[in-house]
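Reading through the structure tokens given below for one structure.
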Amino acid sequence: MPELPEVVTVCKMLKPEIVNKTIIDFQIFYGKLLQRPSISEFKKKVINQKILNISNFAKYIVIELANDVLISHLRMEGKWIVEDLESFAYPERHLEAQFILNNNKALRYYDTRKFGTLELLSKNEYKNIPPLSKLGPDPTKVNVNAVNFHKIVTKSKRPIKTVLLDQSVLSGLGNIYVNEVLFEAKINPNTPANEISLENCGNILKESSRILKKSIEQGGTSIHSFESAAGVTGNYQNYLKVHGKSGNNCVYCGSKIQKEFVGGRGTYFCPKCQK
DNA sequence: CAGCGTGTTGAGGA
DNA sequence: TTCCTCAACACGCT
């Protein structure tokens, strides 16, 4: 489900519902969700802590508690939702964990495919240890220097699309948006990264920032299973120009959009505009 | 029934 | 050693 704009949307939706609430209990139904610490230690630490803030760090959700920090990654289909204790927005069999809050509501985690993660880290080190420490710059938050970016990108001979999906190079692009970015920058997804010019690196950065920010304004993209909260969906799917559009006419030249696989991921592009 | 998917990691090979 | 590819994770949908 979520790429960066969807994660930002989830944080915005949850913020007014959880900030200043206190966790009074925690239950977990799918043990592999929790990376660290152990379930018993996690429970002991988390109960009675007040929630101070929620924000995204690239595609990770960071929930700041009074003493510690919760880090969650939704991977493909994870969903955090605040619900009344007795109601369930999704099939209960996909409910993996819940924080009971002090207002008779629960902050719940559902995940159909069970790829998502949750961990509790200390406030002073969470940015300096994996997974957050390994992330490259987030183009929606930082003005990435094109010369530095070009130096890093051109170290690899892998297809440029694969390199852009590597979160240690640039954080925030997922498969949907990388298809859109390369289309707007008019770069073939299979181009070896070491052949990308400085100018094109600049274009990639410019389009990444522009497209991700526009999608954030639209509340993200609602395809497959994305819902930022029960019943709330984004609109960016209405702005997609190539992702999922094989056979459609290119909006710039009219050629048929093609699909192929690059690095094992579905890749959509215009064969004429993206030589 | 087979193939596909919004993400990431670890194993194994070059 | 470094770089890279690909299977694996798990499940619903076409």
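Chain letters run A, B, ... following the sequence lines, proteins first, then strands; residues in each count from 1.
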(Q) Base, sugar-phosphate or nothing for Gly263(A)? Non-hydrogen atoms, less than 4.0 Å. (A) nothing
Q | Separation of dT9(B) C1' from Leu135(A) CG (nearest whole Å) | A | 14 Å
(Q) Just the rounded figure in Å: distance from P of dT8(B) to CZ of Phe57(A). (A) 13 Å
Q. Roughly how many Å is it from CD in Glu260(A) to P in dC4(B), rounded to a whole number?
A. 14 Å
(Q) Quick check for you: among dC4(C), dC4(B), dG7(B), whose closest atom lies nearest to any side-chain atom of Phe261(A)? (A) dC4(B)
(Q) Strictly below 4.0 Å: does Tyr30(A) bring a side-chain N or O up to OP1 or OP2 of dA10(C)? (A) yes
Q. To the nearest Å, how far apart are Leu74(A) CG and dG7(B) P?
A. 11 Å
Q. Phosphate oxygens OP1/OP2 of dC3(C): is one of them under 4.0 Å from a side-chain N or O of Lys157(A)?
A. no
**Q.** Phosphate contact (dG5(B) OP1 or OP2) by Lys259(A) side-chain N/O below 4.0 Å
**A.** yes
**Q.** Interatomic distance at P, dC4(B) relative to dC6(C), whole Å
**A.** 14 Å
Q. Starting at CG of Leu165(A) and ending at C1' of dC6(C), how long is that distance when rounded to a whole Å?
A. 15 Å
Q. If you count the non-hydrogen atoms of other residues, nucleotides and ligands that lie under 6.0 Å from CD in Glu125(A), is the total more than 12?
A. yes
Q: Could you give me the CA-CA distance, side-chain angles and deciding distance for Lys44(A) and Glu41(A), then say whether salt bridge (Lys or Arg N to Asp or Glu O under 4.0 Å) is met?
A: CA-CA 5 Å; Lys44(A) 206 188 319 175; Glu41(A) 192 179 342; over 6 Å; no
Q: Describe the nucleic acid contact of Ser156(A) in one word from base, sugar-phosphate, nothing, applying a heavy-atom distance below 4.0 Å.
A: sugar-phosphate
Q.
In this structure, how many angstroms lie between the C1' atom of dC11(C) and the NZ atom of Lys79(A), rounded?
A. 11 Å
Q) In whole angstroms, how far is the P atom of dG5(B) from the CG atom of Leu240(A)? A) 15 Å
Q. Using a cut-off of 4.0 Å on non-hydrogen atoms, how would the nucleic acid contact of Gly264(A) be classed: base, sugar-phosphate, or nothing?
A. nothing
Q) Distance check: side-chain N/O of Gln167(A) vs OP1/OP2 of dG7(B), anything under 4.0 Å? A) no
Q: Please determine if Asp166(A) and Arg158(A) form a salt bridge, counting it only when a charged side-chain N lies under 4.0 Å from a carboxylate O.
A: yes
Q.
Parallel, tilted or perpendicular, judged at 30° and 60°: which one describes the rings of Tyr60(A) and His73(A)?
A. perpendicular
Q | Pairing string, 5' to 3', for DNA chain B - Watson-Crick or wobble contacts under 3.5 Å, brackets [ ] where pairs cross, | to another strand | A | .||||.||||||||
(Q) Between Lys114(A) and Glu77(A) (salt bridge meaning N to carboxylate O under 4.0 Å), is one present in this structure? (A) no
Q. Nearest of dC9(C), dG5(B), dT6(B) to any side-chain atom of Phe115(A)?
A. dC9(C)
Q) When you compare dA7(C) with dG3(B), how far apart are their C1' atoms, in angstrom units rounded to a whole number? A) 16 Å
Q: Show the numbers, then the answer: is there a salt bridge (Lys or Arg N to Asp or Glu O under 4.0 Å) between Glu96(A) and Arg108(A)?
A: CA-CA 8 Å; Glu96(A) 293 192 3; Arg108(A) 291 198 170 121; over 6 Å; no
Q. Reckon Lys155(A) has a side-chain N or O less than 4.0 Å from the OP1 or OP2 of dC3(C)?
A. no
**Q.** Side-chain N,O (His94(A)) to OP1/OP2 (dA10(C)) below 4.0 Å
**A.** no
**Q.** Between Tyr252(A) and Lys272(A): side-chain donor-acceptor atoms closer than 3.5 Å
**A.** no
Q) Of the nucleotides dT8(B), dT6(B), dG12(C), which has the atom closest to the His73(A) side chain? A) dT8(B)
Q. Do Lys123(A) and Glu64(A) sit within salt-bridge range, that is, some charged N less than 4.0 Å from a carboxylate O?
A. yes
Q.
Closer than 3.5 angstrom, by distance alone: can the side chain of Thr9(A) be matched with the main-chain N or O of Gly219(A) as a donor-acceptor pair?
A. yes
Q: State whether Arg265(A) places a side-chain N or O below 4.0 Å from either non-bridging phosphate oxygen (OP1 or OP2) of dG7(B).
A: yes
Q.
On the side chain of Arg113(A), is there an atom forming a donor-acceptor pair with the base of dG5(B) - under 3.5 Å, no angle test?
A. yes
Q: For nucleotides dT9(B) and dG12(C), find the distance between their C1' atoms and express it as a whole number of Å.
A: 23 Å
Q | Nucleotide nearest Arg75(A) when distance is taken to its side chain, options dC4(C), dC4(B), dG7(B) | A | dG7(B)
Q. What is the distance, rounded to the nearest whole Å, between atom CD1 of Ile176(A) and atom P of dT6(B)?
A. 6 Å
Q: Please determine, for the side chain of Thr112(A), which listed nucleotide (dC11(C), dT9(B), dT6(B)) has the closest atom?
A: dC11(C)
Q. Can you find a side chain N or O atom of Lys32(A) that sits less than 4.0 Å from OP1 or OP2 on dA10(C)?
A. yes
Q.
Tell me if the centroids of the rings in Phe183(A) and Tyr268(A) come within less than 6.0 Å of each other.
A. no
**Q.** Salt-bridge criterion met for Lys214(A) and Glu217(A) (N-O under 4.0 Å)
**A.** no
Please enumerate all protein N or O atoms sitting under 3.5 Å from an N or O of nucleotides 12-14 of chain B, with distances to 0.1 Å.
none

Q: Mark yes or no: Arg93(A) above the aromatic ring of Phe88(A), with NZ or CZ under 6.0 Å from the six-membered ring centre and no more than 45 degrees from the axis.
A: no
